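What you see is a predicted model; the values in this text were computed from it and never measured. Order of the sequence lines sets the chain letters (A, B, ...), proteins ahead of strands, with each chain counted from 1. The figures that follow rest on heavy atoms only: side chains count, while hydrogens, waters and symmetry mates do not.
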There are 2 protein chains.
Amino acid sequence: MPEPLEPEPLESVPAAFAPHDHRACETRVLDEAADRLAELGGRLTPVRRRTLEILLESHRAMGAYEVLDRLATEGFGRQPPVAYRALEFLVEHGLAHRLQRLNAFAACLHPGRDHAPAFLICRACDALAELPAAPVRAALADLAADTGFIIERATIEAVGLCPVCVKAAA
Amino acid sequence: MPEPLEPEPLESVPAAFAPHDHRACETRVLDEAADRLAELGGRLTPVRRRTLEILLESHRAMGAYEVLDRLATEGFGRQPPVAYRALEFLVEHGLAHRLQRLNAFAACLHPGRDHAPAFLICRACDALAELPAAPVRAALADLAADTGFIIERATIEAVGLCPVCVKAAA
DNA sequence: AATAGAAATGTAATAAGGTAACACGCGTTG
DNA sequence: CAACGCGTGTTACCTTATTACATTTCTATT
Ligand SMILES: [Zn+2]
Ligand SMILES: [Zn+2]
Ligand SMILES: [Zn+2]
Ligand SMILES: [Zn+2]
């Protein structure tokens, strides 16, 4: 066994950028989502659950209309609010994130309380990684504090090349 | 004289958040823009110049269609590409920024080479401040480097309350 | 000055993203 | 059984952005 010692403590190369047992990702997140909703009091109805599953199918962000198409072909409503409401619910409950650079959504891979990650978006393969961004946010908070500005929400998104595509380009 | 010693070295409270001689902002940026374009080889045509002036009228971000309305009433074209092309030109030449959170654009207040700022957006009064964000970007670069991801562009935008609106709320 | 090519501007048409307003069904709860 | 909240669905509409193409304006070269 190569490295069974660390379950996923710092996750130096995000799963999104490496081959992995993705089925495990999906079931883990779905389980955590159920737990989290039990605490918060939200209901994971069929549309909502299916929306989360669709987002979870790949480590990338999906547009609302792409999600909607999927939902529609699976027998749910085919009007925009169907997708937007489900996505909004997931975002509000910390189960998904909205990517500003892409006008798109992605499942949250770490549905813990009040985490506020940074995102790395590969422009070549669309892979999306979600990183704990405490130091970045701290630096930003410092900047803002000097000006008297009070930050409520911050968007930290980077576009570039993931390790796989860097290698491929070389 | 209270503090005439520092012209604007660190700009601890951004002009956007304080009363100031805004006419001076406008003329300074327009001058700098002309200089910068002379070096880069871009042409500040009438539409482009007017677009920049419109963005410069206030320290806030404007939607493309808001800009377009202004241009149209002033005798320029009234189709979306007119505004989008002018805005794109300004962004490409470092004279304006695109705000992802707002789907909007703002004049760059410091049109120096390769600066990559963070933005503070007041949700109450729409004021927009542009801050040098080197430390934040460094922190983000560190995170990304650990994963092997190569950052090409990063979006750092915060929404909250500016000092003025904080006071007003209290 | 003539003129060919590049750059800039304009239009029409359409795609993509997002929201408001309303009707229905269903499971509470008094 | 109301009365209610909530979730889901629909229609209609609004905002944002791009594609395609025609026309004009600059610029460079002869
Ligand atoms: Zn996975
Ligand atoms: Zn990639
Ligand atoms: Zn700037
Ligand atoms: Zn404010």
Side-chain angles (χ1 to χ4, degrees), chain A residues 33-34 37-38 40-55 60-93 95-106 121 126 155 157, chain B residues 33-34 37-38 40-55 60-93 95-106 121 126 155 157:
Chain A
L37 285 181
L40 293 179
R43 289 173 51 202
L44 195 58
T45 62
V47 213
R48 292 170 178 172
R49 181 183 177 94
R50 194 69 198 107
T51 300
L52 180 53
E53 289 171 355
I54 289 169
L55 290 183
R60 64 186 184 90
M62 294 180 77
Y65 280 72
E66 192 180 353
V67 172
L68 178 59
D69 282 348
R70 292 286 308 276
L71 291 174
T73 62
E74 297 178 16
F76 296 97
R78 50 184 59 259
Q79 303 305 320
V82 171
Y84 279 104
R85 282 195 291 235
L87 290 167
E88 180 186 30
F89 172 89
L90 295 176
V91 170
E92 278 177 354
H93 291 77
L95 306 180
H97 296 286
R98 180 176 208 132
L99 282 291
Q100 305 283 349
R101 286 203 75 113
L102 305 175
N103 288 339
F105 302 81
I121 305 164
D126 291 330
T155 297
E157 298 173 3
Chain B
L37 286 180
L40 292 179
R43 291 171 50 203
L44 194 59
T45 61
V47 213
R48 292 169 178 173
R49 180 183 177 91
R50 194 68 198 108
T51 300
L52 180 54
E53 289 172 354
I54 289 169
L55 290 182
R60 66 186 183 90
M62 292 180 78
Y65 280 72
E66 193 180 351
V67 172
L68 178 59
D69 281 348
R70 294 286 308 276
L71 291 175
T73 63
E74 296 180 17
F76 296 98
R78 48 184 61 258
Q79 303 304 321
V82 170
Y84 279 103
R85 281 195 290 236
L87 290 166
E88 180 186 28
F89 172 88
L90 295 176
V91 169
E92 278 177 353
H93 291 76
L95 305 180
H97 296 286
R98 179 176 209 130
L99 283 289
Q100 305 283 350
R101 285 202 76 111
L102 304 175
N103 288 339
F105 302 82
I121 305 163
D126 291 330
T155 298
E157 298 173 1

Quick one: closest heavy-atom pair of A:Leu37 and A:His93, and the distance? CD2-CD2, 3.7 Å
A:Ala104 and A:Ala61: which non-hydrogen atoms are nearest, and at how many Å? CB-CB, 3.8 Å
Spacing between A:Arg101 atom CZ and D:dT16 atom C1', to the nearest angstrom: 17 Å
For A:Ile54 and A:Glu74 the tightest heavy-atom approach is CD1-OE2, 4.4 Å
Salt-bridge test for A:Glu53 and A:Arg49: reply yes if a basic N is under 4.0 Å from a carboxylate O, no otherwise. yes
Tightest non-hydrogen contact, residues B:Ala83 and B:Leu68, listed as CB-CB, 3.7 Å
Rounding to a whole Å, what distance do you find between B:Phe76:CZ and D:dT23:C1'? 17 Å
Side chain to side chain contact (heavy atoms under 4.5 Å, CB included) between A:Thr155 and B:Gln100, intermediate numbers included: CA-CA 9 Å; A:Thr155 297; B:Gln100 305 283 350; 5.8 Å; no
Kindly give the heavy-atom pair with the smallest separation between A:Ala64 and A:Phe105, and that separation in Å. CB-CE1, 4.1 Å
Residues of residues 77-89 of chain A with a heavy atom under 4.0 Å from any atom of DNA chain C, listed by number, are A:Pro80, A:Pro81, A:Tyr84
For B:Asn103 and B:Tyr65, find the nucleotide of DNA chain C closest to each by heavy atoms; which residue's nucleotide sits nearer the 5' end? B:Tyr65
Hey, does A:Arg49 reach any base, or is it just sugar-phosphate, or nothing, if we go heavy atoms under 4.0 Å? nothing
Note: chain A reaches DNA chain C at heavy-atom distances under 4.0 Å over the stretch, first to last nt, 5' to 3', of C:dG17 to C:dA20
Walk me through it: do A:Asn103 and B:Asn103 pass the test side chain to side chain contact (heavy atoms under 4.5 Å, CB included)? CA-CA 10 Å; A:Asn103 288 339; B:Asn103 288 339; 4.2 Å; yes
Can you check the B:Met62 CE to D:dT15 C1' distance for me, whole Å? 15 Å
Looking at every non-hydrogen atom in both residues, tell me the closest pair between B:Arg48 and B:Phe89 and how far apart they are. NH1-CE1, 3.3 Å
Whole angstrom value for the distance that separates C1' of D:dG7 from CG of A:Leu44: 13 Å
Rounded to the nearest 0.5 Å, the CZ atom of B:Arg98 sits from the CG atom of B:Leu87 at a distance of 8.0 Å
What is the distance, rounded to the nearest whole Å, between atom CZ of A:Arg50 and atom P of D:dT8? 15 Å
Test item: B:Arg50 side-chain N/O and B:Leu71 main-chain N/O as donor-acceptor pair under 3.5 Å: no
The helix from C:dA1-D:dT30 to C:dG30-D:dC1: angle between terminal helix axes, five bp per end, to the nearest 10 degrees, reads 20°
B:Arg43 has its side chain closest, among D:dC26, D:dG9, D:dA17, to D:dC26
